[in-house]
Student: 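Starting off with a structure, shown below.
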Number of protein chains: 2
Amino acid sequence: MTEEIKAVARRHLASDGANLSLRAVARDMGMASSAVYRYFASRDELLTALIIEAYDSVGEAAERADAAAAGADFTDRLVTVGLAVRDWALAEPHQWALIYGSPVPGYQAPQDTIMPATRVIFLIAGIVRDAYAAGRIAERPEITGRYAEELAAVAEQFGPDIPPRLVGAAMAAFIQLCGAVSAELFGQLNNSVDEDRRGFLEFQIRGAAAFIGL
Amino acid sequence: MTEEIKAVARRHLASDGANLSLRAVARDMGMASSAVYRYFASRDELLTALIIEAYDSVGEAAERADAAAAGADFTDRLVTVGLAVRDWALAEPHQWALIYGSPVPGYQAPQDTIMPATRVIFLIAGIVRDAYAAGRIAERPEITGRYAEELAAVAEQFGPDIPPRLVGAAMAAFIQLCGAVSAELFGQLNNSVDEDRRGFLEFQIRGAAAFIGL
DNA sequence: CCACAACGAGAGCACTGCTCTTGCATTCGT
DNA sequence: ACGAATGCAAGAGCAGTGCTCTCGTTGTGG
């Protein structure tokens with residue numbers, strides 16, 4: 001039942017945009033709006049469920065694309081993942097806006113969402129870690145400063161002896177990917193790069209890979 | 001009068017978030033909600049006015065910071081501009097979300113907004129152009145493909161004989177900046193880089209500068 | 001002096017999220 | 001087998017929203 005509500009809500013999200021109306025969802029299902037509150041305590045809770053699904057969906061799409069590109073060059077794997085994320089975002093623009101766009105006003109993301117949110121960045125960091133283990137990362141001067149210490153703490157979650165600089169570069173690549181996809185989706189690229197946006201994204205990802213040291 | 005409405009609306013935006021209520025603005029001014037419609041045909045039109053103001057505000061902040069850093073190293077100028085944009089975004093997070101976050105549902109940006117929107121990217125591209133004219137950009141293989149042609153068309157707006165690769169890298173730097181600021185503002189960095197986000201941003205900007213060839 | 005335009009107030013429509021009460025089935029315990 | 005308890009949905013209602021329409025006031029120019 002909750003699944004059906006989520007499905008209808010997702011459909012509404014895809015057509016109407018972020019201002020998801022609980023009443024409209026209920027109307028679509030032929031039930032009173034109050035009945036939906038049996039399954040979701042509030043509109044925010046329904047939003048949270050959709051957010052978690054969206055994170056899982058894009059994460060799975062990225063992982064599947066990377067699995068299909070197994071054995072390829074590390075840089076090409078990054079490109080593959082990035083393009084897969086873009087393809088997903090183009091197919092589900094409102095879901096993308098839900099998770100990587102401006103936060104819904106008055107909505108505080110609960111703890112449940114932070115775990116699925118890490119799937120893509122973990123995938124990217126994993127590729128970088130494997131490349132480092134394979135000795136394919138060029139040597140670079142290590143970073144210093146307070147943020148370097150924080151990145152070193154993050155690095156321990158990925159594996160032993162990963163240079164903080166590499167973790168920072170991997171996060172930067174992910175952030176750049178998010179920014180590039182959002183820029184395309186939110187109209188930032190209009191009137192400058194209108195046709196071959198896929199090629200422009202690949203250009204950017206290869207730049208991020210170079211920054212990593214690949 | 002329209003100025004006063006915009007001022008109150010901006011205050012509401014800063015406190016309540018993106019769901020700006022026309023009635024609340026009218027209440028704050030001691031007038032009926034219908035009276036506001038004398039000055040703005042719709043809520044969207046008020047939003048548009050605020051969006052234009054926000055673009056101008058961040059653009060001016062960036063330009064002022066760059067002017068104050070005149071004569072500095074080109075890379076340092078990029079860093080200065082990036083940090084100024086970040087400072088503005090931290091001071092006005094809702095205005096940032098308004099212009100660089102997910103578009104308001106059902107809102108179609110009119111033509112009036114595209115000109116002010118280009119101020120920051122023009123500033124960055126200008127720095128890159130000057131660096132190129134000064135011979136400070138390292139040689140890189142030129143890009144090819146459909147997006148390279150589109151970037152070549154864009155390059156003509158910036159000056160004569162600018163390599164398309166450079167325009168692409170400048171745009172990539174701007175996109176990366178937007179992504180990084182949005183990531184910080186929208187909570188993407190939580191639980192990984194929590195203290196020295198300024199340092200992490202500088203790290204990323206220097207990466208973008210390296211990609212440009214500085 | 002009067003007409004006209006500008007302006008604001010108020011009522012009202014259709015919509016929203018959310019709460020509370022009521023009623024109908026089903027099912028469970030004795 | 002029968003009453004009780006539970007799960008579920010509907011409906012009314014509240015406070016709020018964007019927006020439209022009408023009506024009264026006010027100020028100014030001819």
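Labels below follow one simple rule: chain letters A, B, ... track the order of the sequence lines, proteins then strands, and each chain is numbered from 1. Everything quoted here is computed from the prediction, not taken from an experiment.
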Student: Using whole Å, what does the distance between atom C1' of nucleotide C/dC18 and atom CD of A/E45 come to?
Tutor: 14 Å
Student: Determine, for B/D76 against B/R206, whether the closest basic-nitrogen to carboxylate-oxygen distance falls under 4.0 angstrom.
Tutor: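 Counted as a salt bridge, because a side-chain N and a carboxylate O are separated by less than 4.0 Å.
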Student: May I ask you to verify if any side-chain N or O of A/S21 is less than 4.0 angstrom from the OP1 or OP2 atom of C/dG17?
Tutor: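 Yes, because at least one side-chain N or O of A/S21 sits under 4.0 Å from OP1 or OP2 of C/dG17.
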Student: Are B/F158 and B/Y132 an aromatic pair by the rule of ring centers under 6.0 Å?
Tutor: no
Student: Find the distance A/I5:CD1 to C/dG17:P and express it as a whole number of Å.
Tutor: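 It works out to 13 Å between those atoms.
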Student: Does a distance-only test, which skips hydrogens and angles, find a donor-acceptor pair under 3.5 Å between the side chain of B/R23 and the base of D/dG16?
Tutor: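 Absent.
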Student: Specify the separation, in whole Å, of atom OH of A/Y37 and atom C1' of C/dC18.
Tutor: 5 Å
Student: Determine the minimum heavy-atom distance between B/A61 and B/W88, stating which atoms define it.
Tutor: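 Minimum heavy-atom contact is CB-CD1, 4.1 Å.
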Student: Check whether any side-chain heavy atom of B/M171 lies under 4.5 Å from a side-chain heavy atom of B/L151, and answer yes or no.
Tutor: yes
Student: Should A/E60 and A/R64 count as an ion pair when the cut-off is N to O under 4.0 Å?
Tutor: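 Salt bridge between A/E60 and A/R64, a charged N being under 4.0 Å from a carboxylate O: yes.
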Student: Measure the distance from CZ on A/F40 to P on C/dG17 and round it to the nearest whole Å.
Tutor: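 Nearest whole value for this atom pair: 14 Å.
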Student: May I have the distance from B/L22 (atom CG) to D/dG16 (atom P), rounded to whole angstrom?
Tutor: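 The distance from CG of B/L22 to P of D/dG16 comes to 16 Å, rounded to the nearest Å.
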Student: What are the atom names and distances for every N/O pair under 3.5 Å that joins the protein to nucleotides 7-9 of chain D?
Tutor:
residue: D/dA9; atom: OP1; partner: A/Y39; partner atom: OH; Å: 3.4
residue: D/dA9; atom: OP2; partner: A/Y39; partner atom: OH; Å: 2.6
residue: D/dA9; atom: N7; partner: A/R38; partner atom: NE; Å: 3.1
residue: D/dA9; atom: N7; partner: A/R38; partner atom: NH2; Å: 3.1
residue: D/dA9; atom: N6; partner: A/R38; partner atom: NH2; Å: 2.6

Student: To the nearest angstrom, how far is B/L46 atom CG from D/dG18 atom P?
Tutor: 10 Å
Student: Taking the six-membered ring for Trp and the single ring otherwise, decide whether the centroids of B/F122 and B/F174 are under 6.0 Å apart.
Tutor: no
Student: Parallel, tilted or perpendicular: which describes the rings of B/W96 and B/Y100, with under 30° parallel and over 60° perpendicular?
Tutor: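 It falls in the tilted class, 30° to 60°.
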Student: Give the rounded distance in Å between these two atoms: NE2 of B/H12 and P of D/dG18.
Tutor: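 After rounding, the gap between these two atoms is 10 Å.
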Student: Which part of the nucleic acid, if any, lies within contact of B/S33, taking any heavy atom under 4.0 Å across all strands shown: a base, the sugar-phosphate backbone alone, or nothing?
Tutor: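 Base, at least one base heavy atom under 4.0 Å.
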Student: Quick check on C/dT16: is either OP1 or OP2 less than 4.0 Å from any side-chain nitrogen or oxygen of A/R27?
Tutor: yes
Student: If you look at every strand shown and take non-hydrogen atoms under 4.0 Å, does A/L20 touch a base, only sugar-phosphate, or nothing?
Tutor: sugar-phosphate
